[in-house]
Structure formats: structure tokens, C-alpha cells
Visitor: 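I have a structure here, written as C-alpha cells, and I will follow up with some questions on it.
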Amino acid sequence: MSYNPLLNNQNIYQNDDPSFHQSTGYVTPARPASRAKRTSNWIKFGIPVVVLVIAGAVVGGILGSRKSSSSSAAAAASSSAAAAAAAAGSAGGREVLATGTNTWFLPEYPSTTNTALYTVPTISSAVPGWPSDPFAPSNASVRSVRPDRPRLIAPAYKWAALPDLIATDPYLHLWNASIFKNASEWDALPAVVYFMDGDSGILDVARQVKQRVKAFGYVYRMTNNTHWVDRTWEELQNAAGNGTNTWGPSVDRWNSAHFLDTAELSAAYGIAYDWLYDLWTEDQKSMIRSTLIEYGLGPGVQAYTNSSVFTGWWANNIQGNWNCVCNNGLTMAALAILGDDTTGFASQLLGLTVDNAKENCAFAVSSDGTWSETADYWYFGATGHAEMAASLQSATGSDFGLLTVNPNFYKTGLFHMYGQGTTQLFAWGDNGPNKYTATANSLLYYAQQYGQPEYALFQRDQFDAADPWSMFWYDPQTVGAVWDGLSLDHAFDNETDQWMSMRSSWTDQDALYVAIKAGTLQGHQTHNDLDVGDFVLDALGTRWAGELGDGDYLSPDYFSNDSAFPSFRHVEEMWIIAISTAQGSARWMYYRKMTEGQNTILVGATNQDVSAKPTMLYGTSNTTQGSSTVFTPDSNSTAYFVTDMTSAYFNAASVKRGIRLLNGRKQVLLQDEITASQNIMWRMHTNATVSASGTSATLTRDGKSMNVTILNAPDGAAFTTSNATRLNTDVTPPAPDQPNPGITVLIISLPAGTVSLQVLFDPQWNDGTTLVTPPSVALNDWTLESHD
């Protein structure tokens with residue numbers, strides 16, 4: 001299946017029809033029927049759907065049929081779209097490099113050695129794609145904003161320049177068409193319905209409101225069609241409790257006990273107030289401000305200034321997505337109404353949020369660029385950080401150091417890029433709720449701000465690139481191919497993270513991809529697993545060793561493992577808050593979070609030690625692909641990762657694990673060296689069909705196969721299989737485990753003692769590749785040449 005990745009419908013985040021997933025061989029894990037829809041826990045982005053491709057000119061025609069307050073503006077927008085349709089294939093020497101999107105929602109590139117367009121990544125500062133901002137204060141102040149509207153993200157001068165850029169840049173053209181399409185689809189739906197989703201509060205619906213406000217506001221400003229102002233007003237009225245639907249209790253309507261909800265709705269109201277400022281009547285402005293202050297900014301001030309109110313815990317040394325999202329929502333809203341607000345809350349908050357975000361949000365990125373909170377929560381945190389910095393820049397002329405206070409923040413784009421396999425993310429730990437407005441488009445902004453063109457070149461071909469923010473964050477002067485000169489491997493060596501990504505190609509969807517992690521088991525904002533040594537493996541367009549992802553967020557004490565982060569439980573309209581750091585935390589009783597639910601070693605059928613501090617070594621040939629999409633690594637091209645994870649085990653004197661690429665990156669060797677006083681179990685989760693016999697196992701799926709072989713193991717070592725269910729010796733969790741249908745655990749069980757175990761993974765390439773049997777080399781002796 002192939003379709004254009006840029007004309008996407010972001011409702012794909014919401015598609016959770018079980019039959020939909022079954023068509024891919026994956027099954028969505030069960031959940032309470034009343035729960036808000038979430039993405040599949042096994043395949044974060046692997047939902048194959050057909051996305052309708054609608055030309056910009058057609059979209060303009062559809063929207064133009066509505067009554068417009070400015071027919072000339074609507075005609076101009078339609079004309080620009082038509083011009084862009086003609087220019088989309090090639091504009092100023094620029095083209096859309098991806099030819100489609102595969103079933104994993106990843107871009108497909110043509111198989112060609114013609115490198116005329118696939119050149120070294122370049123972002124031009126001398127000839128920027130955008131005109132310079134006429135608002136350039138010499139001494140910026142967080143409480144002194146630009147005189148014109150809009151203030152947030154996209155000032156008037158950018159709106160004025162946008163039609164011409166859309167007409168000449170193929171990416172902006174296609175994103176524009178997709179935004180119009182999404183807006184039309186959401187327009188046909190009723191206002192967002194209130195739903196309290198247990199521990200997740202009303203976060204999903206808050207993000208849907210924000211998503212719609214962005215799209216409706218964008219389409220209005222591109223067409224001057226006042227229908228979109230009315231439609232935005234309908235959403236605002238509804239979320240204020242003044243619509244035809246019931247929206248929560250009359251007190252604390254935006255659920256400040258789960259402040260993410262409050263923050264996202266505050267951002268939505270701020271965007272609506274600012275982007276449509278000249279269209280609102282004075283009464284409407286007053287009503288928007290009153291609602292925003294009562295349910296958003298007022299609780300925000302309380303969160304910061306009233307120590308007896310626990311809703312502001314996220315401002316207290318919390319370096320993760322909560323801090324970024326909450327500070328951003330309050331900042332965007334405060335900037336929007338500053339000058340009109342007679343309560344003083346907007347001014348007061350701006351004196352609090354910026355400094356707090358600089359101390360906390362900015363340091364959610366580790367020294368190696370990893371978002372310490374796990375790969376999926378990067379979306380929320382990075383989006384909040386980028387929105388806040390961009391809003392401050394556009395409204396006041398400065399980010400006040402939010403972009404630079406952490407000198408390593410600029411590296412976070414590499415974390416996201418290398419975390420993406422050939423099928424899906426290496427998404428260890430929890431995967432998070434629906435994203436809605438949290439995309440990876442912060443990469444487009446960071447590309448500009450940090451002078452990293454590869455970030456924009458990577459993101460612009462992704463399925464989630466079409467978003468109103470992208471229209472103003474993307475510099476159309478950015479050219480080149482992201483893979484040209486980009487290493488196939490990258491190691492992230494911060495103590496908290498410790499992981500490595502290795503691959504055989506950036507452009508071949510069937511390429512080999514391996515990622516493995518060590519790192520501490522605390523300090524991840526409650527979203528981690530007990531998973532030192534966990535790995536994933538892609539080849540032939542399939543994920544053979546995968547992860548189960550998050551469990552049921554509504555499970556009792558699911559978030560009970562980190563002292564800095566509270567566990568919430570919503571019971572009869574009250575929030576129960578608990579904190580636990582014990583090894584016996586209830587979180588570690590759930591299969592998806594405990595050690596046996598990971599692709600690692602289990603000793604004595606016991607969870608890993610929460611206080612573990614593993615170490616890592618690695619090596620890479622630093623192979624780069626070059627400009628061509630057709631690439632075959634040299635036979636000596638390799639990479640490896642070794643971790644001493646002894647500290648993660650209670651019943652072992654030594655546990656080491658290494659993984660490396662062999663034979664020109666065609667095969668994978670996983671090696672474990674263990675001395676333990678209790679039984680040892682090697683475990684790997686797969687959704688392939690498994691046929692195991694003795695020291696060999698064959699995994700098959702979608703007509704592809706992978707052979708797995710035990711090498712140099714103790715006598716009697718053999719593969720067995722089981723369902724992905726808990727051992728009968730496990731402690732019973734507070735609530736039933738989420739089931740894992742269709743998942744098989746490949747197992748090697750060994751007695752206590754000293755063992756060396758090698759497992760060889762051989763994808764069946766069917767391309768004439770001659771597979772090799774590697775020599776037996778102790779992990780301490782691994783080098784780049786040790787297995788030649």
C-alpha cells in the first residue's frame with residue numbers, strides 16, 4: 001500500500017477499531033469499554049490505512065462554496081492552491097523526495113542512484129525562506145508584546161508571506177491541503193464531547209479542542225471565511241459549559257487536578273483569542289477571557305502560589321512533559337490576553353512560567369539528547385517546549401533562554417530520529433495516550449533554531465508533518481537528503497538512558513534495525529519498565545522482537561514507582577494521591593512493566609533491581625550512506641553494544657549482554673554471559689508465528705521469515721515458547737493484567753551457574769546473501785574487528 005505521506009488525516013491517531021488492527025496481524029489489547037480510544041500498544045504507528053489525497057485546488061473549491069466575508073481572499077487562497085498543485089512536482093529545484101508512505105506510516109523513497117536532489121543537508125541563513133520580523137525589540141521583556149496581532153507562533157507578516165510560499169514550495173502546498181481537509185472533516189462533527197478518562201482526566205478531549213481550534217483558525221486566516229470563526233466559537237462555548245453538550249462540573253470545569261487538561265484547554269483558548277482577535281466582538285472577547293481566567297489562569301496562579309494546592313506539583317523539579325505542557329499552556333494563554341486582562345493573572349503567570357520552564361522543562365533532555373521520560377513522551381514534551389519558545393519569540397521577540405539554557409537540548413532531534421526503526425519507534429516504557437496535537441513537528445522548529453537541517457529533512461516526509469505549526473516552522477530553503485552523511489549508528493551514553501541504535505540503511509524499508517538499552521530504572525517520570533538489556537529488531541519490513549508498550553493507565557497504582565512523581569487515582573470525583581519508591585511498587589506487578597515482560601534476562605523469576613546502575617561500551621564503524629537511496633554496506637561495516645547489567649540482579653554475581661551486527665549488517669548476534677545462583681531465563685516477545693525445535697526456531701509473518709539459532713550454549717539449551725502471560729509464581733497485581741493476544745514469548749531456560757549464551761538472528765533475505773556463523777568471542781574482547 002502506498003500513498004502520499006503529506007496529505008494525511010490526523011484522525012489516524014484515533015482509529016482503534018479492532019478489526020482494523022487485525023488486518024495487520026496485530027490485535028489491540030483489551031481495555032474498559034468506556035475508556036477513551038488509544039493507539040495500539042504493540043504497533044504505535046503501524047496501522048495501514050488509505051489516506052485520501054485531495055488536491056489543494058479542490059480543497060479550495062470546496063471551502064470556497066461557503067459564504068465568505070472576503071471573496072477576493074478566498075479566491076486568492078484557491079488560486080494559490082491551484083498554482084501549488086502545478087508546482088508541487090518541482091518548485092525552484094525542490095521536490096518532495098518521498099514517493100509515498102508504507103504500512104508503517106514511514107516515507108518510501110525511490111530506488112535510484114540519481115543523486116541530483118539527494119545532496120548534503122543545507123539550511124540557509126543568508127537567504128531565509130521567510131522575511132525578517134519587523135518586530136525586533138532591543139530589550140525584550142516577557143510582559144512587553146508586539147503591537148499587532150496575531151502574537152502567537154504566526155505573526156501577521158508570516159501570514160502575508162505564506163500564500164506565495166505555498167505556491168512555490170511542494171511541502172507547504174501539500175500540508176496546506178491536508179490542514180484544509182482535516183478542518184472540513186472536524187467541521188462536520190459535533191463539538192468535542194466531554195469524557196473523564198480516569199487517571200488521564202479529560203486530556204484527550206482537551207487536545208482535540210486544541211487541534212480543532214488550530215485548524216479552524218488557520219483556515220479562516222487563509223480564506224477570510226467567517227464560518228470558521230463561528231465554528232471555533234462553537235468549540236469554545238462548548239468547553240466553557242455553554243454548548244448543547246454537558247461539559248463537566250460547574251466548578252473546576254477544566255479539571256485542574258490533572259493540570260495537563262487545564263493547560264491544553266488554556267492553550268486552545270489563547271490561540272483562538274489571538275488568531276481571531278479582530279473577528280471577536282467585545283462581548284465574545286470578554287467571555288473568552290472570563291472562561292480562561294476562571295478555569296485556566298486562575299487555577300494556574302493557585303498552582304504556583306498556594307502550597308496547599310497540590311495541582312502545581314509539576315512545577316516542583318519535574319523535568320518532563322508535564323512541566324513543558326503545563327507551562328506552555330499557561331504562557332500561550334497569558335500572552336494572548338496580556339493587556340486585556342484586568343485581573344493581573346496573565347502578567348503574574350508570565351513572571352513564573354518562563355523561569356520555571358527553563359529550570360525544568362528544558363532539562364527533560366539528557367546530556368546525550370535523549371528525552372529521559374521515554375521515546376513517546378518526547379512528543380508531548382518537545383511540542384510543549386517548542387510551542388512555548390516559539391510563542392515567546394513571536395509575541396515578545398525573545399525566547400529568554402528557553403532554547404539555550406540546556407546546552408544539550410539541540411541534540412534531542414537525534415534521539416527521535418535514531419529511535420525510529422524501519423517499522424516503528426524503539427518505544428520502551430509507556431507509550432502514552434492519544435497524541436492529537438503532539439506531533440514530531442518540533443523538529444521543523446528546532447532545525448531553524450539550532451541550524452540542524454537534518455531535523456527538518458527527516459520530519460518533512462513523515463506522515464504527521466501536516467499541521468498549522470509546520471506552515472510557520474518550516475524553512476522552504478532547507479534542501480538535501482537527511483541520509484547523506486548521516487551515520488547509520490548512534491550511541492546515547494547518559495547514565496539515565498544508555499541506549500544505541502544501529503541499522504543497515506536509512507531509505508530501505510526492509511533494512512535491518514537493532515536498538516538496545518541499559519540505563520537506570522528510575523528518573524523516567526514513572527514511565528519506565530524494569531528493562532535493562534531490552535532490545536528490538538526489525539528486518540524485511542517486520543518487527544521480529546518487539547515491545548508490549550504501556551499497560552492500562554487506569555490500573556491501581558500503575559504510576560507508583562518514582563518518588564518525585566505522584567500516583568493519581570480518581571475515585572468518586574476525588575483524586576487520591578500516593579507516592580511509592582519501593583522495589584515492591586504495584587507498577588512492577590503488572591506484566592508489561594515487570595522484567596519478564598521485556599526482551600531481556602530473568603534470573604530467579606525475579607524483577608530487576610530498581611536501583612540498578614548498569615554501564616555500557618559500544619563500537620561503530622561510523623558507516624554513512626551517502627546521497628543515493630540505493631546502498632549496500634561494506635562487509636566489514638558493523639556496530640556493537642555491550643552492557644554490564646549485574647547491578648540489575650539480586651541473584652547473580654555477573655550479568656553482561658552484548659549485541660552486534662554481522663556480515664555487512666545482514667545478521668545479528670546477541671550474546672549473554674551470566675553467573676547466577678538461581679535459574680536463568682532468556683526471553684523475547686514476538687508477534688510472528690514461531691516454530692521452535694531444539695536449538696533452532698523459525699519466525700514467520702507476512703510471507704517473511706527469520707531463523708534464530710542457539711550457538712555455544714550449555715548442553716540441553718533449547719528454545720521453548722509460551723503466551724505472554726505472567727508466571728504462576730508472580731505476585732498478583734492489584735488489578736488484572738492487560739492481555740497480550742497474538743504475542744509469543746521465545747524462551748531459553750538454563751540452570752543456575754556460569755553460562756555463555758549466543759543467539760544468532762538470520763533474516764531470510766532471499767537476495768543471494770551468504771549467511772555466516774560467527775566465532776565465539778568473550779564480550780570483554782569484542783572490537784570492531786573481533787568477528788571478521
Side-chain angles (χ1 to χ4, degrees), residues 1-15 45 47-66 68 73-88 96 98 100-101 105 107 154 162-163 165-167 169-192 207-225 227-232 234-235 271 275 434-437 439 441 444 459-472 474:
M1 180 182 302
S2 178
Y3 56 88
N4 196 301
L6 307 175
L7 285 167
N8 72 85
N9 178 356
Q10 293 180 2
N11 278 316
I12 54 177
Y13 288 126
Q14 306 168 46
N15 196 325
F45 301 121
I47 309 169
V49 296
V50 176
V51 176
L52 298 177
V53 179
I54 301 179
V58 176
V59 172
I62 293 171
L63 298 175
S65 65
R66 298 184 182 275
S68 173
S78 180
S79 175
S80 294
V96 175
T101 298
F105 285 122
L162 188 57
L165 293 176
I166 291 173
D169 183 83
Y171 287 97
L172 291 173
H173 156 69
L174 291 169
W175 297 340
N176 178 73
S178 185
I179 295 167
F180 271 64
K181 174 180 177 291
N182 289 338
S184 294
E185 292 186 352
W186 294 325
D187 180 35
L189 300 175
V192 175
R207 284 176 167 150
Q208 287 181 65
V209 173
K210 181 182 175 186
Q211 183 185 49
R212 292 186 184 187
V213 164
K214 286 168 57 180
F216 296 162
Y218 176 89
V219 174
Y220 165 73
R221 295 197 67 88
M222 293 300 292
T223 64
N224 282 353
N225 183 340
H227 165 81
W228 299 103
V229 181
D230 296 338
R231 188 61 181 83
T232 304
E234 180 184 352
E235 294 290 346
I271 295 164
W275 278 20
N434 289 323
K435 290 183 177 64
Y436 298 111
T437 55
T439 67
N441 292 322
L444 300 174
Q459 177 59 19
R460 70 183 185 179
D461 287 326
Q462 303 296 325
F463 80 97
D464 61 346
D467 178 80
W469 295 164
S470 301
M471 303 302 294
F472 305 99
Y474 177 63

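These figures come from a predicted structure and were not determined experimentally.
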Visitor: What's the verdict on side-chain contact (heavy atoms from CB on, under 4.5 Å) for Asp169 and Tyr474, showing C-alpha distance, side-chain angles and the deciding distance?
Guide: CA-CA 11 Å; Asp169 183 83; Tyr474 177 63; 3.7 Å; yes

Visitor: Is any side-chain heavy atom of Trp175 less than 4.5 Å from a side-chain heavy atom of Asp467?
Guide: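 Counting from C-beta outward, Trp175 and Asp467 never come under 4.5 Å.
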
Visitor: Is there a donor-acceptor pair closer than 3.5 Å between any side-chain N or O of Ser470 and the backbone N or O of Ala466?
Guide: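 Judged by distance alone, no pair lies under 3.5 Å.
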
Visitor: Give a yes or no answer on whether the side chain of Arg231 reaches the backbone of Arg212 with a donor-acceptor pair at less than 3.5 Å.
Guide: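 It does not hold such a pair.
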
Visitor: Atom OG1 of Thr232 and atom CG of Asp187: how far apart are they, to the nearest 0.5 Å?
Guide: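 Here the interatomic distance stands at 9.5 Å.
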
Visitor: Taking the side chain from Asn441 and the backbone from Asp464, do they hold a donor-acceptor pair closer than 3.5 Å?
Guide: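 Present.
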
Visitor: Can you give me the closest heavy-atom contact between Pro170 and Val96, atom names plus distance?
Guide: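 Minimum heavy-atom contact is CB-CG2, 3.6 Å.
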
Visitor: For Val213 and Ile271, work out which heavy atoms get closest and say how close.
Guide: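 For Val213 versus Ile271, the nearest heavy atoms are CG1-CG2, 4.1 Å.
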
Visitor: Taking atom CG of Leu444 and atom CH2 of Trp469, what is their separation to the nearest 0.5 Å?
Guide: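 Here the interatomic distance stands at 13.5 Å.
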
Visitor: Would you check if Met471 and Ile166 make a side-chain contact, meaning some heavy-atom pair closer than 4.5 Å?
Guide: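 They are in contact (side-chain heavy atoms under 4.5 Å apart), so the answer is yes.
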
Visitor: For Pro468, which of Arg221, Met222, Lys214, Gln211 qualifies under side chain to side chain contact (heavy atoms under 4.5 Å, CB included)?
Guide: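 Per the side chain to side chain contact (heavy atoms under 4.5 Å, CB included) rule, the option paired with Pro468 is Lys214, out of Arg221, Met222, Lys214, Gln211.
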
Visitor: If I take atom CZ from residue Phe463 and atom OG1 from residue Thr439, how far apart are they, to the nearest 0.5 angstrom?
Guide: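 OG1 of Thr439 is found 9.0 Å from CZ of Phe463.
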
Visitor: Among Phe216, Tyr220, Tyr218, whose ring-ring contact (aromatic ring centres under 6.0 Å, His included) with Trp228 holds?
Guide: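 The passing option is Phe216.
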
Visitor: Do you know which two heavy atoms are closest between Trp275 and Gly217, and how far apart they sit?
Guide: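 Smallest heavy-atom distance, with atoms named: CE3-C, 4.0 Å.
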
Visitor: Measuring from Leu165:CG to Phe472:CZ, what's the distance to the nearest 0.5 Å?
Guide: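 Nearest 0.5 Å value for the CG-CZ distance: 10.0 Å.
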
Visitor: Glu235 side chain to Val192 main-chain N or O, any donor-acceptor pair under 3.5 Å?
Guide: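 A pair under 3.5 Å: yes.
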
